[in-house]
J.: 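Below: one structure in structure tokens.
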Amino acid sequence: MNIRDYSSQFTVFVFTTDVDAGASAKVYLSQAGYDAYYFQDPETLEQRLKENPPHLLVFSTAALAGSLSDFVKIVQDINEEIKFIAVSSVSQFDILAQYNGFGFVDVISDESAALESRIVWSVDRACEKLYLTYQNEQLFDELQVTKAKVEEVHAAAVSSLKQAETEMSTPKVSMRITDYRSAQSKEDLIQKYLNHLPNALCIFFKFLPSVRSFVATHAQGIPASDIQGVGVQLEAGDTKDLTTQMAMGLLPARFNDMLVEAFHFNPPKALPLYAHHALEGVFVYSGNITQAEASQLAEEFSLLSLCYSTFTLEKKVDSLEVQDFVTELYNRNFYQKALSDEVSRARRLKQPISVVKIAMDDFYEIESSLGEAVRDELLKSVATIITKTSRTNDLTCRTSANEIAMILPHCSKKGAALRSERLRRIIEGTSFMDNGMKVSISLGVSEYPSLCDSAKTLDETSTKALLHITDKGGNKICLYKAPETHRPEFEVAPE
């Protein structure tokens with residue numbers, strides 16, 4: 001994500017008695033897009049905190065008239081959601097570390113060199129975390145609201161149709177919702193909708209915003225061969241009022257003309273399909289169908305829209321549950337399931353699978369001296385390099401605070417060791433952050449079936465290899481050595 005796209009949504013207060021430093025920091029934050037304010041007087045600060053609490057409070061410890069604990073208590077009594085970034089001398093870092101559980105997100109050295117840039121950088125990282133946290137909470141809230149709407153529509157529809165439906169009538173609403181809820185993909189949902197329609201012709205066009213195009217993917221009453229390759233690209237001006245047009249059931253002129261010519265929809269009507277406010281595509285049908293058919297089509301579309309929104313939000317929540325928000329890699333929960341699945345597949349195919357465990361050297365020293373924000377930024381940069389140098393079928397996960405695991409299907413211990421050494425050299429030769437900071441990594445390698453006999457032991461042996469090499473000083477790779485009693489389940493072909 002680019003925090004500059006969202007910085008205007010965050011309010012930042014700066015509190016220091018150093019007028020030059022405070023004013024300068026406020027200017028830098030404002031230029032970065034933040035809603036920033038500078039305060040020199042503690043009484044004024046306290047009043048503004050009560051009137052308009054910020055998301056972040058950047059303060060200088062030198063500006064505090066009383067104790068740090070009293071200052072933190074005053075702020076948190078006003079609003080416990082406010083996060084702190086302290087600007088302090090290095091000698092006070094150990095004291096400030098004791099406040100990790102009280103809303104402190106970073107500590108910055110008060111050295112004057114590039115202080116404003118360091119403040120902006122720290123605020124950026126803190127706001128990234130806040131934004132992702134708020135986004136996660138919003139997704140959960142929206143999911144619950146959408147689920148409630150589905151249940152409400154379900155209950156109302158079942159109640160209103162209960163007396164009218166007979167054994168030979170249209171399937172009950174409850175059965176249709178159950179059918180939609182069984183869908184395994186968005187495409188499956190779209191096809192289920194078309195299956196529930198009357199005999200009217202209907203085509204679904206998927207929207208591709210990057211190329212301003214609609215492409216036909218599903219149809220009812222029309223052979224699949226007749227829609228293959230059918231689509232339309234809009235002019236740049238057509239997208240300006242696209243949402244408004246779609247809401248009225250209308251289509252851009254180029255799209256409309258194509259439907260009339262190719263499918264004799266006269267006039268074409270549109271039912272736009274959205275997911276989380278984004279246009280996913282549009283169902284089009286001919287406007288000359290009967291009123292009863294049009295009503296049934298619209299009623300069915302209402303059910304689809306709710307189920308489609310629920311499905312999309314559930315998938316987003318699922319992705320959040322398996323993703324580490326710092327590195328944007330998969331998390332340990334995903335790693336454990338994926339490793340078990342991949343080892344089972346390797347056993348069936350009689351192919352090797354390797355795991356490489358990676359740790360950043362001096363991780364906790366970096367955290368202690370430079371702060372969590374710098375630590376996270378370095379870890380994210382390392383994760384990006386790992387991802388970019390991996391194969392398509394490799395899986396990369398953050399499995400602990402200072403551990404990234406690579407699952408390498410169809411890769412022997414020799415191949416994994418060679419790739420590990422290449423990655424180690426790339427990281428060693430890369431400059432990170434604006435000041436050209438250097439970091440190194442340690443890597444532990446193991447392989448099934450040559451060195452272990454299960455997913456559990458593959459994970460354990462790669463960890464042992466990593467711990468062994470970190471104890472030796474790091475910046476090296478270590479290939480696990482199997483015990484003499486180990487007998488592989490099958491032989492791995494030499495590379």
J.: Between E342 and R345, is the closest basic N to carboxylate O distance under 4.0 Å?
T.: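 The answer is yes: the pair qualifies as a salt bridge.
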J.: Between atom CZ of F10 and atom NE2 of H55, what is the distance when rounded to the nearest 0.5 Å?
T.: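 If we round to the nearest 0.5 Å, F10:CZ and H55:NE2 are 6.0 Å apart.
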J.: Determine whether D362 and V439 make a side-chain contact, defined as any pair of heavy atoms from C-beta on separated by less than 4.5 Å.
T.: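 Side-chain contact under 4.5 Å: no.
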J.: For the residue pair T457 and S454, confirm or rule out a side-chain donor-acceptor distance under 3.5 Å.
T.: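 Checked: T457/S454 side chains pair up, N/O donor to acceptor below 3.5 Å.
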J.: Testing the 3.5 Å rule here: is there a donor-acceptor pair between the side chains of E116 and S24?
T.: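 There is such a pair between these side chains.
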J.: If you apply the rule side-chain hydrogen bond (donor to acceptor under 3.5 Å, both in side chains), what do you find for D341 with S344, and how did you get there?
T.: CA-CA 5 Å; D341 292 344; S344 296; 5.7 Å; no
J.: Taking the six-membered ring for Trp, are the ring centroids of F59 and F71 within less than 6.0 Å of each other?
T.: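 Between F71 and F59, which both carry aromatic rings, the centre distance is below 6.0 Å.
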J.: Pair S446, S462 - check side-chain hydrogen bond (donor to acceptor under 3.5 Å, both in side chains), show working.
T.: CA-CA 5 Å; S446 187; S462 57; 5.9 Å; no
J.: For W121 and V374, what are the C-alpha separation, side-chain angles and deciding distance, and is it a side-chain contact (heavy atoms from CB on, under 4.5 Å)?
T.: CA-CA 9 Å; W121 190 90; V374 174; 3.6 Å; yes
J.: Taking side chain as C-beta onward, heavy atoms only, is Q351 less than 4.5 Å from P409?
T.: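 They are not in side-chain contact.
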J.: For R347 and Y448, test the side chains for any donor-to-acceptor distance below 3.5 angstrom and give the result as yes or no.
T.: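 Per modelled atom types, R347 and Y448 side chains form a pair under 3.5 Å.
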J.: Does any donor atom in the side chain of Y480 or E447 lie under 3.5 Å from an acceptor atom in the other side chain?
T.: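 Looking only at side-chain atoms, E447 and Y480 do not form any donor-acceptor pair under 3.5 Å.
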J.: Have S89 and D110 got a donor and an acceptor in their side chains that come within less than 3.5 Å?
T.: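 No, no side-chain donor-acceptor pair sits under 3.5 Å.
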J.: In terms of heavy-atom contacts, does CD of E365 have more than 12 from other residues, nucleotides or ligands at under 6.0 Å?
T.: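 Correct, the count exceeds 12.
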J.: Can we say D70 and K73 salt-bridge, meaning some charged N sits less than 4.0 Å from an Asp/Glu carboxylate O?
T.: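 Salt bridge: no.
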J.: ring-ring contact (aromatic ring centres under 6.0 Å, His included) between F39 and F15: does it pass, once the steps are laid out?
T.: CA-CA 5 Å; F39 300 94; F15 173 54; 8.1 Å; no
J.: Can you tell me if NZ on K192 sees more than 12 non-hydrogen neighbours from other groups inside 6.0 Å?
T.: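 Result for NZ/K192: enclosed.
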J.: Take Y6 and E128 through the test side-chain hydrogen bond (donor to acceptor under 3.5 Å, both in side chains) and record every step on the way to the result.
T.: CA-CA 9 Å; Y6 311 101; E128 279 185 4; over 6 Å; no
J.: Any chance the side chains of K357 and T463 put a donor and an acceptor closer than 3.5 Å?
T.: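 Result is yes, a qualifying pair exists.
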J.: For N475 and R424, which I'm curious about, is there any donor-acceptor pair between the side chains at under 3.5 Å?
T.: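 N475 vs R424: donor-acceptor pair found between side chains.
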J.: Is a side-chain donor-acceptor pair under 3.5 Å present for T16 with Q40?
T.: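 Absent: no donor and acceptor within the cut-off.
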J.: Would the F13 and Y37 ring centres measure less than 6.0 Å apart?
T.: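 F13 vs Y37: aromatic centres under 6.0 Å.
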J.: Are Y330 and Y335 near enough that their ring centres are under 6.0 Å apart?
T.: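 They do not qualify: ring centres at least 6.0 Å apart.
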J.: Evaluate D459 against R332 for salt bridge (charged side-chain N to carboxylate O under 4.0 Å, His left out), listing each step before the verdict.
T.: CA-CA 11 Å; D459 176 67; R332 184 165 186 82; 3.7 Å; yes
J.: Looking at F283 versus Y193, is the centre-to-centre ring distance below 6.0 Å?
T.: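 Ring centres of Y193 and F283 closer than 6.0 Å.
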